[in-house]
Amino acid sequence: IQGGEARLLESYLQALPVHLKKGKKKDTQNVLSLLITEKSEQLPSPESYTLSVTPERILIRATSGAGLFYGIQTLLQLSQPSGTGYSIASVEVQDSPRFAYRGLMLDVSRHFFSKEFVKKQIDALAFYKINRLHLHLTDAAGWRIEIKKYPLLTEFAAWRTDANWKTWWNGGRKYLRFDEPGASGGYYTQDDIREIVEYARQHFITIIPEIEMPAHSEEVLAAYPQLSCAGEPYKNADFCIGNEETFTFLENVLTEVMALFPSEYIHIGGDEAGMAAWKTCPKCQKRMKDEHLSHVDELQSYLIHRIEKFLNNHGRRLLGWDEILKGGLAPNATVMSWRGTQGGIEAAKLGHDVIMTPNTYLYFDYYQTADTEGEPDAIGGCLPIEHVYSLEPVPTELNEIEKKHIIGVQANLWTEYIATTQQVEYMVLPRMAALAEIQWTMPEKKDFNNFAQRLPRLMEIYQGMGYNYGKHIYDIKSNFTYDSDKKAVIAELKTVDNAPIYYTLDGSEPTTSSTLYKAPINITSSTEFKASAVRPSGNSKVISENINFNKATCCPIELKSQPTPKYAYNGAITLVDGLKGNGNYAGGRWLGFQGDNVEATINLGQPTEISHVSTEACVDVNAWIMGATGMSVAVSEDGKLFSEVANREYPACTDMNKKEIVPYAINFNPIKATFVKITIKPTSALPKGHTGEGKPAFIFIDEIFIN
């Protein structure tokens with residue numbers, strides 16, 4: 001190995017606390033050898049390597065510098081503190097990656113991060129043998145790359161009226177010139193990009209740039225409004241596809257982008273186009289007529305096809321989110337499947353390459369725990385590390401030929417709610433470790449319990465490397481079920497390392513003087529439950545649950561219409577398990593419904609006097625989740641013939657930014673009933689002005705109280 005590659009490998013070896021000097025081929029003792037060899041059964045790919053550690057020597061073999069580099073990463077990961085130095089156990093390793101494409105996406109548009117920070121993240125990717133860094137460079141929140149032909153992109157569209165995306169998004173969404181008071185933002189110069197790309201190359205990582213089109217382009221259209229359907233700034237989010245100048249602009253931008261990024265792939269976004277303006281724009285309608293297009297979806301497809309041809313003519317390949325399937329997929333396009341795996345399945349069946357990046361497993365902007373109290377702000381959802389680890393990226397629906405089109409796996413960190421470098425690292429680590437194991441390891445060799453046992457050592461490494469990281473793996477894992485016969489909520493607790501757990505039932509803080517957890521706990525009355533795991537290194541986060549018993553708790557319940565499968569969790573019992581949801585609608589305590597009324601029938605077991613029914617909805621209008629517009633209560637003795645005893649209407653929400661838990665209650669004259677039917681009427685459609693205007697809204701309901 002010669003030149004820069006040799007120097008890079010040598011610099012990594014300096015991380016080992018040993019003195020290295022250049023040896024000779026005949027040396028046989030205390031030798032560390034790096035050997036480039038020919039392809040073989042043991043070394044089937046350029047990224048394969050073998051590692052042999054004996055008391056006399058360490059030997060890493062590969063067919064390329066990349067393979068040697070990954071072998072060195074494994075060597076460093078195997079090193080263990082020993083006295084004043086480090087030791088490495090004798091071992092034989094033969095290793096190859098499962099997927100050729102192993103990626104992570106960092107969104108630098110919503111919040112801008114310096115080139116130094118990006119390089120630090122490249123170090124983390126290299127440690128995990130991740131070989132693609134996808135940079136989301138452009139979006140409404142700011143354009144982040146210098147384009148010399150269009151200086152307003154960095155003089156104006158890279159700067160906005162507030163540093164924090166959330167404040168900016170909810171407060172007017174205006175842009176400023178870089179030299180105006182209050183301008184906040186930033187961008188990478190072309191020299192910055194060259195430096196980042198070269199640093200990544202030295203770590204065997206390819207940078208994939210994303211230039212959004214046709215949607216998420218408000219910042220471009222504010223700087224160059226002639227590219228929008230309205231011809232005015234702040235009117236549209238999508239490029240005007242009927243305007244030839246749009247294609248001149250995009251091709252000029254992509255020409256400069258390709259000169260900076262040697263990546264085979266250029267990502268063009270292609271997601272979440274509103275298309276509303278295209279329906280009435282004369283230029284877009286003319287384009288549809290001239291190209292014999294029957295639907296506006298096909299306008300997006302027209303753009304994708306045309307841009308793909310341009311990229312192909314320059315020796316590049318088009319990569320886009322799964323919405324690029326709309327209207328017909330471009331011939332050579334590769335699809336990133338983010339809305340679950342269905343888009344990837346469809347693309348693979350059509351013969352297209354696919355990178356799996358389903359939001360339900362690999363969106364690292366989701367909360368890491370359902371217990372969001374004390375967690376930094378996140379976009380929502382719940383994605384604990386064990387759920388990340390459980391992903392199998394190759395769907396069983398595909399045949400053997402189609403499966404070969406699943407060429408990679410990628411996680412995404414969108415940064416709308418992630419404003420600091422500390423939070424970026426906190427959201428990514430240690431979930432990146434689970435991602436790396438999905439990307440590299442064959443499924444039959446995956447074992448979460450084994451993986452979890454290795455995490456403490458990884459966290460020591462994070463500490464030494466100066467990374468921030470989440471410690472949720474040390475939290476108590478709690479599971480609350482219920483026994484309808486005993487009318488009891490059952491609490492089961494465990495820790496990844498079997499640390500002792502102490503708990504209280506009176507709301508007091510648990511200590512070693514509290515009750516030691518030995519077996520599942522039966523709880524039969526309203527209780528403020530708290531528990532903590534005790535370790536020499538410090539106690540875990542205290543888990544706290546307010547278990548609320550009422551006349552419906554632990555009673556049999558039936559739903560007329562089932563929740564959406566993605567948000568079904570434990571099913572109907574979720575509404576009578578004594579556990580209330582928090583502000584995280586995807587935390588498992590809320591059931592999500594779309595379209596029909598929510599109708600729940602609860603069997604109280606015997607005639608019972610009642611006079612009150614209440615529930616709550618988790619409202620997040622930006623996430624298409626609205627509240628109730630009505631609720632009614634009907635009672636029965638036999639579960640067949642019901643009579644209504646109360647109903648109430650609620651005004652539909654019109655606040656586009658509403659995000660809160662909304663209570664609904666009905667009181668009525670005392671009446672005896674055995675069966676109680678509660679009907680909750682959802683908002684019929686998303687309101688005017690919403691990005692999904694007119695489409696069915698979700699409603700998320702948690703505990704139903706009857707008293």
Side-chain angles (χ1 to χ4, degrees), residues 107-113 136-145 150-187 211-240 249 269 271-278 280-281 365 376-380 414-420 423 583 619-626 652-660 686-695 697:
D107 172 13
V108 295
S109 172
R110 274 53 179 269
H111 287 101
F112 178 69
F113 303 106
H136 184 72
L137 290 163
T138 73
D139 210 302
W143 183 279
R144 304 300 181 204
I145 178 173
Y150 297 101
L152 284 181
L153 293 174
T154 44
E155 292 176 7
F156 180 68
W159 309 88
R160 62 188 189 222
T161 51
D162 198 284
N164 184 277
W165 175 90
K166 187 176 178 181
T167 307
W168 174 80
W169 186 258
N170 293 330
R173 309 180 198 175
K174 298 294 183 181
Y175 308 93
L176 297 171
R177 276 188 55 86
F178 72 96
D179 52 1
E180 288 185 80
S184 180
Y187 65 93
I211 306 298
E212 281 274 16
M213 62 184 83
H216 290 276
S217 300
E218 292 94 324
E219 85 288 16
V220 176
L221 303 180
Y224 296 97
Q226 67 272 25
L227 303 178
S228 71
C229 291
E232 301 175 39
Y234 305 111
K235 293 285 188 182
N236 303 132
D238 304 342
F239 282 106
C240 177
F249 171 85
D271 61 313
E272 298 179 328
M275 306 184 186
W278 301 346
T280 56
C281 170
D365 52 330
D377 204 8
I379 199 167
W414 303 102
T415 62
E416 289 98 331
Y417 294 85
I418 302 172
T420 68
Q423 193 181 351
V619 175
D620 186 345
V621 178
N622 279 322
W624 294 35
I625 303 170
M626 305 288 286
C653 174
T654 56
D655 180 357
M656 296 295 174
N657 298 309
K658 188 168 186 174
K659 187 178 182 180
E660 62 185 59
L686 292 161
K688 186 175 181 180
H690 194 280
T691 54
E693 178 182 330
K695 294 181 179 178

Side-chain contact, heavy-atom cut-off 4.5 Å: P214 with M275?
-> no

Is there side-chain contact between Y187 and V108, with at least one heavy-atom pair below 4.5 Å?
-> no

Does any non-hydrogen side-chain atom of D271 lie less than 4.5 Å from one of E212?
-> yes

Do you know the tightest heavy-atom contact between K166 and D377?
-> NZ-OD2, 3.1 Å

Return yes if some donor-acceptor pair links the side-chain N/O of H111 with the main-chain N/O of W165 below 3.5 Å, else return no.
-> yes

Are Y234 and R173 close enough, and set up right, to give a side chain to side chain contact (heavy atoms under 4.5 Å, CB included), and what steps lead you there?
-> CA-CA 9 Å; Y234 305 111; R173 309 180 198 175; over 6 Å; no

Can you name the nearest heavy-atom pair linking G692 to L686, along with the distance?
-> O-CD1, 3.4 Å

For residues N622 and N657, determine if any side-chain heavy atom of one lies less than 4.5 Å from a side-chain heavy atom of the other.
-> yes

When every non-hydrogen atom of K658 is compared with those of C653, the smallest separation belongs to CD-SG, 3.6 Å

Specify whether W159 and F178 have parallel, tilted or perpendicular ring planes, treating 30° as the upper limit for parallel and 60° as the lower limit for perpendicular.
-> tilted

Looking only at heavy atoms, which two atoms of A222 and P225 are closest? And how far apart?
-> O-CD, 3.9 Å

Heavy-atom side-chain proximity of T415 to F113 below 4.5 angstrom | yes

Got a second to check how far E416's CD is from D139's CG, nearest 0.5 Å?
-> 7.5 Å

Which distance, rounded to the nearest 0.5 Å, do you find between the CH2 of W278 and the CZ of F239?
-> 11.0 Å

Taking the side chain as every heavy atom from C-beta outward, state whether S184 and W168 have any atom pair closer than 4.5 Å.
-> no

Tell me, which pairs form a salt bridge (charged side-chain N to carboxylate O under 4.0 Å, His left out) where one or both residues lie in residues 216-238, sequence neighbours left out?
-> none

All heavy atoms of M626 vs all of P687, minimum pair found to be CE-CD, 3.8 Å

Output for pair (T138 OG1, I211 CD1), nearest 0.5 Å, gives 5.0 Å

Side chains of F249 and L153 in contact at under 4.5 Å (non-hydrogen atoms) | yes

Check: A215 main-chain N/O paired with S217 side-chain donor or acceptor under 3.5 Å | yes

Under 3.5 Å, is there a donor-acceptor pair between the side chain of Y175 and the main chain of A140?
-> yes

Of all residues at least two apart in sequence or in a different chain, which pass the side chain to side chain donor-acceptor pair (under 3.5 Å) check with D655?
-> none

S109 OG to I145 CD1 distance, which is reported to the nearest 0.5 Å | 12.5 Å

With sequence neighbours excluded, give me every salt bridge (charged side-chain N to carboxylate O under 4.0 Å, His left out) pair touching residues 153-162.
-> E155-R177

Aromatic plane relationship, Y150 with Y224 - under 30° parallel, 30 to 60° tilted, over 60° perpendicular = perpendicular

Does a side-chain heavy-atom distance below 4.5 Å link D365 with Y417?
-> no

Roughly how far, to the nearest 0.5 Å, is CG of L221 from SG of C229?
-> 9.0 Å

Quick check: does any side chain N or O of R110 sit under 3.5 Å from a backbone N or O of A141, one acting as donor and the other as acceptor?
-> no

